[in-house]
Structures are given as structure tokens and as C-alpha cells.
S.K.: 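Starting off with a structure, shown below.
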Amino acid sequence: MQDTLSLKPLGPHIGAEVAGLDLSRPLDDTTIDWIARSLATHAVLVLRDQKLDAAQLGAFGRRFGVPKPHLLEGYQHADFPEVSMVTNVARDGTIDPFGVKRATTWHSDETYKQTIPRLAMLHGLEVPADGGGTLFADMRAAFDALPEGTRTRLRAMTGLHKFTSGPADARRVYASQMTPEKLAALKDWEHPAVVRHPGNGREILFVNPSHTHGFVNLGRDEGTALIEELAEHSTQPDFVYQHNWRVGDLVIWDEVSTMHKGAGDSPPDQRRMLMRTIVHPATPYWRAAEHGAQATT
Ligand SMILES: [Fe+2]
């Protein structure tokens with residue numbers, strides 16, 4: 001294990017900065033286990049002054065499970081498809097209008113799939129001088145703070161998840177990046193509204209306003225209102241850590257315990273280039289059931 005590893009909390013609930021770790025050096029299993037346990041506790045880990053290429057980021061991700069290519073193929077790394085770019089810079093160097101707008105609504109990654117990721121990582125390659133941060137919300141603390149009656153009700157509920165189908169207004173932005181065939185092929189998955197963290201057993205509110213569009217046995221309007229109410233509750237400043245990027249930062253977040261979004265407040269002509277990988281658990285946490293299209297109200 002690398003010596004003198006330490007953690008400094010970055011807020012009352014979520015986020016901790018890790019010191020004493022150089023990810024470009026070989027990491028033994030004890031160190032990887034320490035990172036995994038720290039992530040389960042703090043939900044977001046920040047490492048400064050790292051320098052990884054796409055191969056190294058993918059290899060680091062593989063220590064925690066199976067990095068998988070993201071749905072939006074246009075942003076995948078040419079040689080390492082499990083690594084993609086989150087950027088406002090197009091491949092020809094011009095401003096990418098979708099890249100400016102993407103991921104600026106609260107979400108957890110890939111809840112529109114049957115199996116969900118374990119964690120994700122972003123590595124800062126180029127960062128804007130103004131704004132451009134990433135915000136993370138603690139869905140464990142958010143659940144704990146709900147009234148007891150709401151918690152009891154939610155434990156019995158099942159959310160409906162489909163790619164950018166939720167009330168956060170992202171549908172048209174994302175639809176523009178996909179062919180009609182791909183859009184038509186998207187499925188509707190049922191995930192529990194409350195889950196337990198596989199690492200520490202804490203209860204987590206597993207509803208996000210980008211991909212959750214309703215609940216089983218609840219009308220659409222009532223479902224939309226509940227999703228919006230829960231999103232507002234969960235993103236109160238007390239539950240949120242905002243990461244303001246420096247070149248070399250590497251941020252790891254627990255996908256089950258958190259929602260995140262880009263602040264979306266940097267000028268489009270200031271280059272922002274983050275390298276990302278999304279890692280699925282080697283064994284799925286659970287497998288969602290596919291929702292029958294005719295049952296959606
Ligand atoms: Fe995301």
C-alpha cells in the first residue's frame with residue numbers, strides 16, 4: 001500500500017480529498033480496497049495532480065469492475081472505447097454545441113439500463129478559467145432527511161427509467177445525438193425507488209429527474225410531481241459537493257449513492273475537456289425488470 005494515504009472531508013455529508021496517492025504508479029490490492037471503502041463512505045473522492053492517459057484511466061477503472069463504452073458513440077476514445085470525452089470541443093477543434101449543454105441536469109449515469117454502474121471517474125485535461133464545475137448530490141443523506149412517512153412510502157415504490165425521459169428538460173438535447181432507430185430501441189426499466197448500498201448497507205434514494213419518468217402504479221402527473229419534489233429536496237446545498245476543476249484532478253464517484261450534473265456555466269469558447277470512464281460491477285448489483293410499454297400511464 002502506498003504510504004501516508006489520508007482523507008480530508010469536503011463537506012458535511014459528501015466528498016473527501018485523498019492525499020498521498022499517485023495513480024500512475026502500480027497500485028496493490030490493499031490500496032484499491034482502501035479506495036473502494038473510502039468511496040463507499042464518502043461517495044465522492046477527489047485526487048489532485050494526477051496525469052493519466054486513456055489507457056491508464058481504463059486500466060485503473062478495471063481494478064473496480066468492468067469499464068463499459070457509453071451510449072453516445074461520438075465521444076468515445078478511438079483506441080479505448082470504454083473511455084470517452086466530456087468536452088465542449090469538437091474533434092475538429094471548433095465549439096461543440098451539444099458538449100456545451102450535455103449533462104447539465106441532475107442524473108445518475110445509465111439508470112436507463114438493466115444493470116447500473118458501480119462508479120465513474122472524470123480526469124481534468126483542460127479546464128475553463130470561469131465556471132465549468134461538476135456538482136454531486138448525496139442521495140443517502142437526502143433519503144435519511146425525508147419525513148418517515150415519505151421514506152416508508154418510497155421503500156414500497158418502483159421507479160421507471162428510460163434514457164433522458166424524466167422531467168428535467170434534456171430530451172431534445174440528447175435525442176439530437178442519436179439515430180431514430182436507436183431512440184426507438186430504448187427500453188423502459190423498473191428500478192427500486194430505494195436501494196441499499198452493496199458496500200455498507202445504507203439506504204439510498206434511487207430516483208433522478210433525467211432518467212426517471214414515473215413510478216409503477218402511479219399516474220404520470222403525480223409521478224412527475226414526486227420526481228421533481230425529490231430532486232429539489234436532494235439537491236439542497238447541504239447535500240451537495242461542487243467540484244471546481246483544476247488540470248490534473250481526478251474525481252471518482254459512487255454511482256448508486258449520488259446524482260451529479262455539470263454546472264454548465266462556463267463560456268462556450270473556453271475549452272473544457274474531461275476524460276471519463278464508467279465502471280460496472282463485475283457482478284450486477286441487481287437486474288431491473290423491463291417495464292411493459294402498455295402499462296405506462
Ligand atoms: Fe453523467
Side-chain angles (χ1 to χ4, degrees), residues 14-15 39 43-46 57-58 61 64-65 67-77 81-88 96 98-113 115-125 127 131-139 142 159 161-171 173-178 186 189 191 204-213 227 231 234-235 239-245 249-266 272-281:
I14 184 175
L39 186 63
V44 176
L45 298 179
V46 174
L57 187 68
F64 301 94
K68 291 190 178 175
H70 188 257
L71 190 65
L72 298 180
E73 294 167 0
Y75 292 88
Q76 288 172 9
H77 191 282
E82 74 275 23
V83 173
S84 58
M85 305 306 293
V86 174
T87 181
N88 60 1
D96 172 358
F98 174 71
V100 171
K101 286 180 285 186
R102 75 180 287 191
T104 53
T105 58
W106 285 106
H107 65 284
S108 306
D109 291 321
E110 302 188 356
T111 68
Y112 49 83
K113 291 184 173 176
T115 58
I116 60 156
R118 177 183 188 187
L119 55 84
M121 309 175 186
L122 278 173
H123 186 28
L125 305 184
V127 303
T134 306
L135 292 86
F136 298 89
D138 188 337
M139 302 305 282
H161 295 244
K162 192 172 179 179
F163 185 60
T164 67
S165 61
D169 185 24
R171 178 186 287 274
V173 173
Y174 279 84
S176 69
Q177 298 298 302
M178 296 174 69
L186 292 171
W189 298 105
H191 292 287
I204 300 161
L205 176 61
F206 196 69
V207 173
N208 75 80
S210 293
H211 305 313
T212 314
H213 64 87
I227 293 163
S234 306
T235 57
F239 302 144
V240 170
Y241 165 67
Q242 171 160 348
H243 186 71
N244 297 314
W245 289 95
D249 287 351
L250 190 135
V251 176
I252 312 172
W253 66 96
D254 184 305
E255 287 280 19
V256 193
S257 301
T258 60
M259 294 198 298
H260 61 276
K261 68 168 187 173
D265 59 353
S266 58
R272 181 177 189 262
M273 192 172 287
L274 309 173
M275 192 164 59
R276 178 184 69 177
T277 192
I278 298 178
V279 181
H280 284 246

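Both ligands and their constituent atoms are indexed starting at 1 by order of listing.
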S.K.: So, do H161 and H213 have ring centers that fall under 6.0 Å from each other?
M.R.: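 Between H213 and H161, which both carry aromatic rings, the centre distance is not below 6.0 Å.
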S.K.: Are any side-chain N or O atoms of S210 and backbone N or O atoms of W106, one a donor and one an acceptor, separated by less than 3.5 Å?
M.R.: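 Side chain of S210 to backbone of W106, a donor-acceptor pair under 3.5 Å: yes, one is there.
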S.K.: Has the side chain of S108 got a donor or acceptor atom that lies under 3.5 Å from a matching backbone atom of T258?
M.R.: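 Checking the backbone N and O of T258 against the side chain of S108, a donor-acceptor pair under 3.5 Å is found.
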S.K.: Closer than 2.8 Å to the Fe ion (ligand 1): how many protein N, O or S atoms are there?
M.R.: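 Of the protein's nitrogen, oxygen and sulfur atoms, 3 lie under 2.8 Å from the Fe ion (ligand 1).
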S.K.: Answer yes or no: is there a donor N or O on one side and an acceptor on the other, between the side chain of H107 and the main chain of M259, under 3.5 Å?
M.R.: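 It does not hold such a pair.
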S.K.: In chain order, what residues pass the ring pair (Phe, Tyr, Trp, His ring centres under 6.0 Å) check against H77, with sequence neighbours excluded?
M.R.: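 By the ring pair (Phe, Tyr, Trp, His ring centres under 6.0 Å) rule, H77 matches F80.
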S.K.: Angle between ring planes, Y112 versus H211, binned at 30° and 60°: parallel, tilted or perpendicular?
M.R.: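 It falls in the perpendicular class, over 60°.
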